[in-house]
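Please see the structure below; I have some questions.
Just so it is clear: chains get the letters A, B, ... in the order the sequence lines come, proteins before strands, and each one is counted from 1.
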Amino acid sequence: MPLLDLKGVRVEFSGFVALSDLDFAVEKGELRCLIGPNGAGKTTALDVICGKVQAVAGRVVYAGHDIGRLQEHQVSRLGIARKFQVPSVFRELSVRNNLDVAYSKRPGVFRNLGNWRRADVDDGLAKLAEFVGLKEQFNQSAGALSHGQTQWLEIAMLLAQDAELILMDEPTAGMTAQETHKTAELLNRLKGRHTIVVVEHDMGFIKEVADVISVMHQGRLLAEGTVAEIERHPEVKSAYLGSGGIHGA
Amino acid sequence: MSTRHSSRAWIYGYIAVCVVMLALPLFVSDGYLLNKFARYIIFGILSLALCLSWGYAGILNLGQAVSFGLGSYCMAMALKLRTIPIQTGGGVPDFMSWNNVKTLPWFWEPFHSYAFAIFAGMAVPAILAFLLGWFVFRARVTGVYVAIITLAMLVVVNLLIIDAQSYTGGFNGITDLTTLKLFGIAFDAYSKATYYLAAFSLIAALLIGLAIIKSKTGLVMQAIRDDEMRVRYFGYDVAHYQNFAFCVSAAIAGFAGMLYTLVMEFASPTFLNVSISLSIVIWCAVGGRASLLGAALGAIVVTGVQGSLSDSPKFLDTWMLIMGALFIAVVLFLPKGLVSLIDIFEQRFRKQAAGGGGPLTPTALPAAAPAASELRQDEVG
Ligand SMILES: Nc1ncnc2c1ncn2[C@@H]1O[C@H](COP(=O)(O)OP(=O)(O)OP(=O)(O)O)[C@@H](O)[C@H]1O
Ligand SMILES: [Mg+2]
């Protein structure tokens, strides 16, 4: 049984059909890349998994739970983490505090009242910051970070959250080639320990990390297979027509 | 800018305020002045309460005066009941007998007990806040809409209190109270005892507030203020955190209201009118809404200056202008309030002490990812 299983999912935005009859399944431990032309519904697919939008038809099942009607925090507590297309960190909080918020094993109000700054947690968070190259910025506010650093902070936050399933929306957008490579390296290391779904446009990056690629087009799944299979796929080629082909999207 | 006030300057700031406040009666023995200072301190508590919900959790509560007023009425009811034997000799307070009420309404009964009244002075505002918060935060109402709803609530409660004249004293409020006596101490409005009660209450409120904002709950509150949506994806039930901040704030404001009855010697519907509610926002913003100490000082300074000018009515009109100008100036030039001057001075000082920071270099990927498995080791109980 797959860890994540979407069946016949349909999402509408006041009449506009963003997802229609989407089937999408991911096995535990897999690293799945999700690609497709602009407006294909990739972000919406992640939204429907993490509870941001709700499907009008179909089922979203995660580890045996029907999560289609759950709120965002309930989905998160089941072990699903999300990185957004637009980097979103807490700009007024320090890097350290951003990581602390993300480290959310016990999310209750009253539990956290007794949860004061502890040296051991601090050490762990500092290691994470060092890992993504933000050691110097540990006590600086996140609003002062550059775009690339913000991306890295968000990735570190995902690591702090330590979820079973990680949904990443264009993690390498705005990164230099070197940073993109570093991200690929990181994802390869997380492979197996976590189940990961990455939405990406960068084919070089995808080739570095992907086992299986899923291609979306007009709100549904168009094709699924290895990089070589997808590149040869005639329907994928025509879907990307006019957007400069799969490599130019 | 640090969000944690752990730096030295801040600690000194807290200590200095407490010391000055506690030492004041050594130099001031005039009861009238002490009463005035106690009033400013109570406004400080009220402003601090708003700081918790607005400054830390981003909930702009324009109905803060509801909590303040309800607390004030709870205390006044208890003090009024003790006057019955002297003032009327019957079973009801004087204003009720003027309104032809013969038996004491059921909700007045438990206020024969001081313990109940003090509990209710915090619990009633907190419960009301909880009920309102339950609907508002569940429905994910945010920003200016929260302000409008809380303001509407204020108007409604105010009208209800004025309307139920035979039970609440209507426009006149509840007057001619007895003096609170607890543990053998009489809290006369012009006594040092009452002043100290207010001062220690502010210190207690500061400590409780600090305990909250320094905990992880306080951190999550600040994250919610920053980006409410994002917080949800880390598994926090945002509505719970918002309602918690809202209720604690209401309870503290209720406590301030009880103290206010002691120093004013009456409770009145004017304690929960719109202008008090708006004043609280101004105190909080001027002092610094991102700092408990700042918010409290904002109230003390603004009302203090206002109070010293109020003796000449000519000045009072000018005062409204000065206050408006001050508010605009602070909001424009010091968005974190007057108290952010501490941060600014400290940063200047630090920069002089140490040189600039080194350039940023991307670090190489270490061999082993310190994934959260390392963090997980501290999972205890
Ligand atoms: N909140 C919304 N309201 C209305 N339409 C929306 C909303 N969100 C997405 N859409 C529409 O749904 C379609 C799918 O959007 P989505 O963001 O999922 O695409 P995407 O595959 O992530 O594209 P991109 O590669 O540009 O990020 C688009 O046509 C978009 O305009
Ligand atoms: Mg997208």
Side-chain angles (χ1 to χ4, degrees), chain A residues 50-52 71-77 81-82 84 88-94 97-98 100-105 107-118 120-121 124-125 127-128 130-133 135-137 139 141 146 149 157 159-162 178-179 182 185-186 189-190 193, chain B residues 1-4 6 58 138 140 211-212 214-227 229-245 247-248 290 336 357-381:
Chain A
C50 69
K52 189 173 180 202
Q71 293 186 51
E72 298 93 326
H73 68 271
Q74 294 169 319
V75 174
S76 166
R77 286 181 195 181
R82 170 78 186 266
F84 288 86
S88 51
V89 299
F90 305 107
R91 299 174 53 80
E92 285 181 31
L93 305 187
S94 66
N97 283 346
N98 268 276
D100 198 351
V101 171
Y103 175 52
S104 53
K105 286 280 171 289
V109 180
F110 293 104
R111 259 199 134 154
N112 280 331
L113 263 184
N115 187 354
W116 291 45
R117 276 190 81 148
R118 293 203 316 255
D120 50 347
V121 174
L125 299 180
K127 264 186 209 150
L128 263 179
E130 189 177 352
F131 175 62
V132 294
K135 192 182 172 192
E136 303 276 315
Q137 290 81 8
N139 286 314
S141 84
S146 72
Q149 287 173 326
M157 286 162 79
L159 295 178
Q161 193 177 356
D162 192 27
Q178 193 195 353
E179 283 178 320
K182 189 175 156 189
E185 230 178 289
L186 171 65
R189 188 150 340 123
L190 296 179
R193 266 200 278 171
Chain B
M1 194 129 330
S2 83
T3 44
R4 296 165 291 114
S6 49
R138 287 278 128 202
R140 301 197 177 175
I212 293 173
K214 294 274 189 172
S215 73
K216 182 128 171 192
T217 297
L219 179 60
V220 175
M221 276 161 52
Q222 293 170 62
I224 290 171
R225 176 192 66 196
D226 217 350
D227 187 348
M229 279 308 295
R230 189 74 186 90
V231 176
R232 298 206 165 92
Y233 298 100
F234 292 116
Y236 301 103
D237 189 337
V238 167
H240 279 180
Y241 280 82
Q242 288 172 319
N243 216 353
F244 172 77
C247 290
V248 171
K336 295 203 168 177
L360 314 174
T361 45
T363 47
L365 212 57
S373 52
E374 257 155 90
L375 285 167
R376 220 181 291 141
Q377 289 163 2
D378 66 61
E379 290 285 291
V380 269

Which bit of B:Met221 comes within less than 4.5 Å of chain A, counting heavy atoms only: side chain, backbone, both or neither?
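B:Met221 has no heavy atom closer than 4.5 Å to chain A.
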Relative to chain B, which of A:Ser104, A:Ala81, A:Gly51 shows the most heavy atom pairs under 4.5 Å?
A:Ser104
How close do A:Ser76 and B:Gly235 get, heavy atom to heavy atom, and via which atoms?
OG-N, 2.9 Å
Nearest heavy atoms of A:Val101 and B:Ala223, plus distance in Å
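Result for this residue pair: CG2-CB, 3.9 Å.
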Using a strict 4.0 Å threshold on nitrogen-to-oxygen distance, state whether B:Lys216 and A:Asp100 make a salt bridge.
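Result for this pair is yes, salt bridge flagged.
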For the interface with chain A, which of B:Asp237, B:Val238, B:Val220 has the highest count of heavy-atom pairs at distances below 4.5 Å?
B:Asp237
Could you grab the distance from atom CZ of A:Phe90 to atom CG of B:Leu219, nearest 0.5 Å is fine?
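Rounded to the nearest 0.5 Å, the CZ-CG separation comes out at 9.0 Å.
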With distance as the sole criterion, is a donor-acceptor pair present between the side chains of B:Arg140 and A:Gln71 under 3.5 Å?
yes
When you measure from the side chain of A:Lys52 to the backbone N and O of B:Tyr233, does any donor-acceptor pair fall under 3.5 Å?
no
B:Tyr241-A:Asn112 side chain donor-acceptor pair, cut-off 3.5 Å
yes
Which of B:His240, B:Arg232, B:Arg230 touches chain A most, by non-hydrogen pairs under 4.5 Å:
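The option with the most such pairs is B:Arg230.
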Do the ring planes of A:Phe110 and B:Phe244 sit parallel (below 30°), tilted (30 to 60°) or perpendicular (above 60°)?
perpendicular
Show your reasoning for whether side-chain contact (heavy atoms from CB on, under 4.5 Å) applies to B:Gln222 and A:Glu92.
CA-CA 8 Å; B:Gln222 293 170 62; A:Glu92 285 181 31; over 6 Å; no
Is the distance between the ring centroids of B:Phe234 and A:Tyr103 under 6.0 Å?
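So the answer is no for these two rings.
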For A:Leu113 and B:Thr217, work out which heavy atoms get closest and say how close.
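Looks like N-OG1, 2.9 Å.
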Quick one: are B:Asp226 and A:Val89 in side-chain contact, heavy atoms under 4.5 Å?
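Not touching, per the 4.5 Å side-chain cut-off.
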